[in-house]
2 protein chains.
Amino acid sequence: MIEIDGIDAKLLRALARDANQSAGALGRRLGLSQPATWRRIRRLEETGVIRGRQLRLDAEKLGFGVTVFLGVKLALRGRVSLEDFERAVSAIPEVQTVEHVLGLYDYRLRVVARDLADFERVLRRRIMTLPGAGDVEANVLLSEERLPGPL
Amino acid sequence: MIEIDGIDAKLLRALARDANQSAGALGRRLGLSQPATWRRIRRLEETGVIRGRQLRLDAEKLGFGVTVFLGVKLALRGRVSLEDFERAVSAIPEVQTVEHVLGLYDYRLRVVARDLADFERVLRRRIMTLPGAGDVEANVLLSEERLPGPL
DNA sequence: ATTGAAATTTTGTTGAG
DNA sequence: CTCAACAAAATTTCAAT
């Protein structure tokens, strides 16, 4: 287990709000020097607690006005391997996230499309033809809020 | 509508993989100077195409071994406002994401917990007591893959 | 083991052509 | 856009606790 003290937790909370603050600015707020702060951040990266930094894009401004969450239940389980399904679904450009889950569905997909007509095309020609895809449930995203989470 | 040319698209694709590459390194790979690359990135930020940079944390290494997606159907629709529900759910520390969706469910939540026993506590004492919460469906995350997406 | 001060290197930022 | 200059941040070195 990796040691996360109170200062590390504060650093992670601050960086979770805005990931491009400088080590100097962060350290000043916590009463720590710039190199000390920087070394802590690098240690969190090296130990894998911080896996990286991700760009947060505005899908609408890029022309993708529709985001849909799909719950997919596999039919033919045993005949088609999970690997086949995952490889096929990963090749669909409109799919942003593939989550293998346990419960009523086997996979959850986050899919973007330019509009509903475009989404119908993706659904009919890409999703429904996936190897082993059975029941599919859809939820259209209206709004989304990301919270700090625990820690 | 904001103009996104081929170079911008390449920048976004490269930054989506790793958001802390320097403008200089990116420019070299695309045959651009460092200031030119940097100005393009800043323009994408100013126009809101890039909303920011987010930390990608390893929940397991932070002691949160369980991630669950909850689909929540509201009962008492009309009696309790969506705002009440959203305010209450946003105050639960274990909730990472709140998605208002259209379909079989009204809300989708991403919830983390230390283990299944901890998740049961969150479910019983936090989720089930939410104002207006009706049916709840759960999917436990096994593995997750983020893809580049379109563009 | 972790820190802070100073030195060095790299990157971000602005202005001129 | 490039080029050149400058400001700020990252990264290393090192002495001290």
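As the structure is a prediction and not an experimental result, all values here were calculated from the model. Chain naming here is simple, since letters A, B, ... match the order of the sequence lines and numbering starts at 1 in each.
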What protein N or O atoms touch nucleotides 15-17 of chain C N or O atoms at under 3.5 angstrom, if any, and at what distances?
residue: C:dG15; atom: O6; partner: B:Arg39; partner atom: NH1; Å: 3.3

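Summarising the geometry, the separation between CG on B:Leu32 and P on D:dT2 is reported as 6 Å, rounded to the nearest angstrom. Rounded to whole Å, the distance from CG on A:Leu11 to P on C:dT3 is 10 Å. The separation between A:Asp5 atom CG and C:dA1 atom C1' is 12 Å, rounded to whole Å. We find that CZ of A:Arg42 is positioned 8 Å from P of D:dT11, with the value rounded to whole Å. C:dA1 atom C1' lies 12 Å from atom CD of A:Glu3, rounded to whole Å. Rounding to whole angstrom units, CD of residue B:Gln34 and P of C:dT10 are separated by 13 Å. Atom CG in A:Asp8 sits roughly 16 Å away from atom P in C:dA1 (whole-Å rounding). Between the CD atom of A:Gln21 and the P atom of D:dA8 there is a distance of 18 Å, rounded to whole Å.
Panel note: side chain A:Arg114, backbone A:Gly63; a donor-acceptor pair is recorded below 3.5 Å. Listed for the B:Ser90 side chain is no donor-acceptor partner under 3.5 Å among the backbone atoms of B:Arg87. Judged purely by atom type and a 3.5 angstrom limit, B:Asp135 has no side-chain atom pairing as donor or acceptor with the backbone of B:Lys73.
Ranking D:dA10, C:dT11, D:dC1 by closeness to the B:Ala36 side chain, first place goes to D:dC1. Listed nucleotides C:dG12, D:dC1, D:dA9 differ in distance to B:Ala23; the shortest reach to its side chain belongs to C:dG12.
Dashed line: the shortest gap from a side-chain N or O of A:Arg28 to OP1 or OP2 of C:dG4 is not under 4.0 Å. Between A:Trp38 and D:dA10 there is no side-chain N or O to OP1 or OP2 distance below 4.0 Å.
Among the heavy atoms of the strands lying under 4.0 Å from A:Ser33 is at least one base atom, whether or not backbone atoms are also near. As judged by a 4.0 angstrom heavy-atom cut-off over every strand, A:Arg43 is placed among residues making no nucleic acid contact.
Smallest separation of non-hydrogen atoms from B:Val89 and B:Leu109: CG2-CD1, 3.6 Å. For the pair A:Val66 and A:Val68, the tightest heavy-atom approach, listed with the atom from each and the gap, is CG1-CG2, 3.6 Å. A pairwise comparison of heavy atoms in A:Ala9 and A:Ile4 identifies N-CG2, 4.1 Å as the closest pair.
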Between side-chain atoms of residues 23-33 of chain A and protein atoms elsewhere (two or more places apart, or another chain), which donor-acceptor pairs fall under 3.5 Å?
residue: A:Arg29; atom: NH2; partner: A:Gln21; partner atom: OE1; Å: 2.8
residue: A:Ser33; atom: OG; partner: A:Ala36; partner atom: N; Å: 3.4

